[in-house]
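Below is one structure, written out as structure tokens, with a few remarks after it.
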Amino acid sequence: MSRSTASRALNDDAYVSAAAREKVQAAARDLGYSPNQAARSLVTRRTGAIAVVLSEPENRLLDDPYRTSVMRAGYRELADVGRQMVLIFSDTREDLSKTVRFLEGGHVDGALVFAPHRADPLPKALRLLRIPVVFGG
């Protein structure tokens, strides 16, 4: 069987016969095959990860039971839909440039940004990103 047929069978493409699909899936199970997510993301342009960017010192966030419960709930909701949460603390100017580079680098599909102060430079720095960004604070 060709590579393209095997690929279509593993990706549940409609253009594969039921018999071929079953043979490929059985072979994949027998071999313990699992797709390479990094390679798949190159094709799909999706990472399966969402960044949660927090613009306050980490000790302030992690010592606050309310905020940790919100982060836990966010993690659980993302996990329930098969997504990973990438947690980013960005509370200095140096962190700001690193955060922008990371988010621009295609490492995540979107970002949920908590910038609790009006003077915070983070929202302005992220306004031109080419990923969906939701702000809270």
Side-chain angles (χ1 to χ4, degrees):
M1 157 171 331
S2 72
R3 286 183 188 169
S4 59
T5 299
S7 176
R8 285 193 299 270
L10 290 169
N11 289 303
D12 287 327
D13 192 295
Y15 296 106
V16 177
S17 72
R21 182 183 326 278
E22 181 50 43
K23 283 183 182 180
V24 169
Q25 290 175 346
R29 280 190 304 275
D30 292 346
L31 295 170
Y33 170 79
S34 64
N36 181 317
Q37 291 300 68
R40 180 169 280 195
S41 72
L42 291 173
V43 174
T44 63
R45 316 268 306 153
R46 309 288 284 167
T47 66
I50 302 296
V52 174
V53 183
L54 305 164
S55 183
E56 284 199 84
E58 59 199 68
N59 64 334
R60 178 180 284 171
L61 292 163
L62 297 177
D63 291 342
D64 181 341
Y66 171 74
R67 290 179 178 158
T68 54
S69 68
V70 169
M71 284 188 282
R72 263 192 211 108
Y75 163 76
R76 178 58 28 224
E77 289 297 318
L78 289 170
D80 287 349
V81 295
R83 301 289 183 266
Q84 294 295 315
M85 182 171 91
V86 176
L87 186 59
I88 300 172
F89 293 99
S90 183
D91 67 321
T92 67
R93 284 277 178 204
E94 184 179 276
D95 291 342
L96 179 64
S97 62
K98 289 178 184 177
T99 299
V100 171
R101 280 195 310 274
F102 182 83
L103 295 175
E104 285 178 332
H107 303 286
V108 295
D109 297 328
L112 176 57
V113 180
F114 292 97
H117 308 288
R118 286 183 183 230
D120 193 323
L122 186 62
K124 187 175 183 181
L126 301 181
R127 74 180 186 275
L128 298 177
L129 288 178
R130 293 173 301 219
I131 60 171
V133 178
V134 175
F135 291 97

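Of all the heavy atoms in M85 and G74, the pair that sits closest is SD-C, 4.3 Å. Considering every non-hydrogen atom in both I88 and A51, the closest pair reads CD1-CB, 4.0 Å. Between A9 and A20, the closest heavy-atom pair is CB-O, 4.5 Å. Shortest non-hydrogen contact noted between M1 and V24 is SD-CG2, 3.1 Å.
A distance of 10.5 Å separates CG in L87 from CG in L112, rounded to the nearest 0.5 Å. Atom CG of D64 is separated from atom OG of S69 by 8.0 Å, given to the nearest 0.5 angstrom. Between M71 atom CE and L62 atom CG the span is 5.0 Å, to the nearest 0.5 Å.
Following chains of ILVMFWY side-chain contacts shorter than 4.5 Å, one can reach F135 starting from V86, so the two form part of one hydrophobic cluster. There is a path of hydrophobic side-chain contacts, each under 4.5 Å, that joins V134 to I50. Under a hydrophobic clustering in which Ile, Leu, Val, Met, Phe, Trp and Tyr are joined whenever their side-chain heavy atoms come within less than 4.5 Å, directly or via other members, V70 and V133 fall into different clusters.
Within a 6.0 Å radius of CD in Q25, more than 12 heavy atoms belonging to other residues, nucleotides or ligands are found. Within a 6.0 Å radius of OH in Y75, no more than 12 heavy atoms belonging to other residues, nucleotides or ligands are found.
With sequence neighbours excluded, no residue forms a side chain to side chain donor-acceptor pair (under 3.5 Å) with K23. For T92, the side chain to side chain donor-acceptor pair (under 3.5 Å) partners two or more places apart in sequence, or in a different chain, are D95. Listed by chain and residue number, R29 satisfy the side chain to side chain donor-acceptor pair (under 3.5 Å) test with E22 (two or more places apart in sequence, or in another chain).
In this structure, the side chains of L103 and V53 come closer than 4.5 Å at one or more pairs of heavy atoms. Residues D109 and I131 fail the side-chain proximity criterion, which asks for heavy atoms closer than 4.5 Å. The shortest distance between side-chain heavy atoms of R127 and P123 does not fall below 4.5 Å.
When atom types are taken as modelled, the side chain of R8 and the backbone of D13 share no donor-acceptor pair closer than 3.5 angstrom. Side chain of R83 to main chain of E77: no donor-acceptor pair is present (N/O by atom type, distance under 3.5 Å, no hydrogens or angles).
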### Message
Assess the residue pair L129 and E104 against the criterion (side chain to side chain contact (heavy atoms under 4.5 Å, CB included)); give the C-alpha distance rounded to whole Å, side-chain angles, the decisive distance to 0.1 Å, and a yes or no.
### Response
CA-CA 6 Å; L129 288 178; E104 285 178 332; 3.3 Å; yes

